[in-house]
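What follows is a short report on a single structure.
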Amino acid sequence: ILLRLAPFWLGKSYDVLRKNCNSFCILFSGELGADAPPPWTHRLGDGAAALDDRVSRLLETTGLGGGDEPRADGPAAVVWDHP
């Protein structure tokens, strides 16, 4: 399982709010056929990602964003590049 998942979890794709150890645990437990970790374990990261998304959109719409690309939408628990 780990060898199959490894290409999707390269260091350059790590995001402290959106694709992190919690995201990996959720995916890995599913691959093992086990229950996902309880929601409280990633609630802080999900909230921080949502706040970061809102601030990025606010900065973009007001023109104060400095040209940075907006972050991906959605909770941190979403795994975007798993087939």
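On a predicted model such as this, the values are computed, not experimentally measured, just so you know.
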Query - side-chain contact (heavy atoms from CB on, under 4.5 Å) involving P39 - partner list, sequence neighbours excluded - result: H42, R43
Query raised in the report: Taking the side chain as C-beta and beyond, is there a heavy-atom pair between N20 and D15 under 4.5 Å?
Result: no
Requested in this report: Working to the nearest 0.5 Å, report the span between CG of L27 and CG of L5.
Outcome: 5.0 Å
**Report entry** T62 side chain to L58 backbone, donor-acceptor under 3.5 Å
**Finding:** yes
**Report entry** Joint cluster assignment, I26 & L44, ILVMFWY side-chain distance < 4.5 Å
**Finding:** no
Query raised in the report: Do you know the tightest heavy-atom contact between W9 and F24?
Result: CH2-N, 3.5 Å
**Report entry** Closest non-hydrogen atom pair between L17 and A48, with its separation
**Finding:** CD2-CB, 3.5 Å
Report task. Give a yes or no answer on whether the side chain of T61 reaches the backbone of R57 with a donor-acceptor pair at less than 3.5 Å. Result -> yes
Requested in this report: Of all the heavy-atom pairs spanning S13 and F8, show the shortest one and how long it is.
Outcome: OG-O, 3.8 Å
Query raised in the report: Is it true that D53 and R18 make a salt bridge, defined as a side-chain N closer than 4.0 Å to a carboxylate O?
Result: yes
**Report entry** Which residues share a side-chain contact (heavy atoms from CB on, under 4.5 Å) with L3, sequence neighbours left out
**Finding:** none
Report summary line: Closest heavy-atom pair, A36 versus S29, reported as atoms and distance to 0.1 Å, is CA-OG, 3.4 Å
